[in-house]
Amino acid sequence: PPPPPPLSPPPPPPAAHVDVFVAALTAALPAVAAHLRRLGVQPEQYLIEWWMTAFAKLLPFKLAIRVFDGFAIEGTSFLIRTAVAIFSLTKSLVLAADDVADALGALRRYVREQLRDEDVLMAAIADCPLSHKLLERLLLLDEQRAEITETRTAPPPASPPPPTTSPTTTTTTT
């Protein structure tokens, strides 16, 4: 028999799930979410890269592997909880930032220079007050909303072309 197909993780979350992350961050860390909004930090400035690489460009290798494992098992909700956990760990640094560059720079420096212990990150992810089940429901609603919006904004289907009439040929037999 042929070998089984290789296991692959779920696809990365679409950009549409940014709204779910923003809601999750606001629920879990309202002061951080409000401060980021005041500074003009847009989630797309960091989140899409984090998700598309499953945090591999941000986190040290050992931690990125742990996040990838969680993503392969739980899917997008794990990536959302990981992002919330990173903001939880860097809360005081982000709140002290005066502008976008300071906020994102402080977060990246902390992760690069101080976040080495897998247990610290995994504990922060586990402590995220939003459950996997709740986030999965929110993600499903977000996907349904996106489908409805797409359906409403899609151009109407083209009407079929009118039937063509071909000249009839009559055959006479003698």
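No continuous path of ILVMFWY side-chain contacts below 4.5 Å connects Ile65 to Ile73, so the two sit in separate hydrophobic clusters.
Residues Leu93 and Leu107 form no side-chain contact, since every pair of their non-hydrogen atoms from C-beta on lies 4.5 Å or further apart. Using a 4.5 Å cut-off on side-chain heavy atoms (C-beta onward), Leu58 and Thr53 make no contact. Contact check for Val18 versus Ile48: side-chain heavy atoms found under the 4.5 Å cut-off. Between Leu36 and Leu25 the shortest side-chain heavy-atom distance falls below 4.5 Å. Two residues are said to be in side-chain contact when any heavy atoms from C-beta on lie closer than 4.5 Å; Val67 and Leu63 fail this criterion.
In terms of modelled atom types and a separation under 3.5 Å, the side chain of His17 and the main chain of Thr76 share no donor-acceptor contact. In this structure a side-chain-to-backbone donor-acceptor pair under 3.5 Å is missing from Glu49 to Tyr46. Formation of a donor-acceptor pair under 3.5 Å by the Thr82 side chain with backbone atoms of Phe78 is found in this model.
Going from atom CZ of Arg37 over to atom CD of Gln42 covers 11.0 Å, rounded to the nearest 0.5 Å. In this structure, CZ on Arg38 lies 8.5 Å from CG on Leu95, to the nearest 0.5 angstrom. Atom CG in Leu89 sits 7.5 Å away from atom CD1 in Ile86 (nearest 0.5 Å). Here the OG-CZ distance, from Ser77 to Phe71, works out to 10.0 Å after rounding to the nearest 0.5 Å. Remark: Lys57 NZ to Arg108 CZ distance equals 9.5 Å, nearest 0.5 Å. To the nearest 0.5 Å, atom OH of residue Tyr110 and atom NZ of residue Lys91 are 14.0 Å apart.
Contact detail for Ala24 and Ile80: the closest heavy-atom pair is CB-CG2, 3.8 Å. For Ala83 against Leu47, the heavy-atom pair with the smallest separation is CB-CD1, 4.0 Å. Nearest heavy-atom pair across Asp119 and Asp117 is N-OD1, 2.9 Å. Contact between Pro129 and Ala28 at its shortest, heavy atoms only, is CG-CB, 3.7 Å. Smallest separation of non-hydrogen atoms from Gly40 and Gln45: O-OE1, 3.7 Å. For the pair Ala27 and Pro30, the tightest heavy-atom approach, listed with the atom from each and the gap, is O-CD, 4.1 Å.
Ring planes of Trp51 and Phe21: perpendicular class, angle over 60° (limits at 30 and 60°).
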Would Ser88 and Asp127 count as a side-chain contact (heavy atoms from CB on, under 4.5 Å) here? Give the steps. CA-CA 10 Å; Ser88 177; Asp127 289 344; over 6 Å; no
Would you please test Val94 and Leu104 for side-chain contact (heavy atoms from CB on, under 4.5 Å) and show each step? CA-CA 8 Å; Val94 172; Leu104 297 179; over 6 Å; no
Arg81 vs Glu74, test: side-chain contact (heavy atoms from CB on, under 4.5 Å). Steps then yes/no. CA-CA 11 Å; Arg81 289 183 17 241; Glu74 291 186 26; 2.6 Å; yes
Using the rule given for side-chain contact (heavy atoms from CB on, under 4.5 Å), can you reason through Leu79 versus Phe55, listing the C-alpha separation, both sets of side-chain angles and the distance that settles it, and then say yes or no? CA-CA 8 Å; Leu79 296 182; Phe55 294 89; 3.8 Å; yes
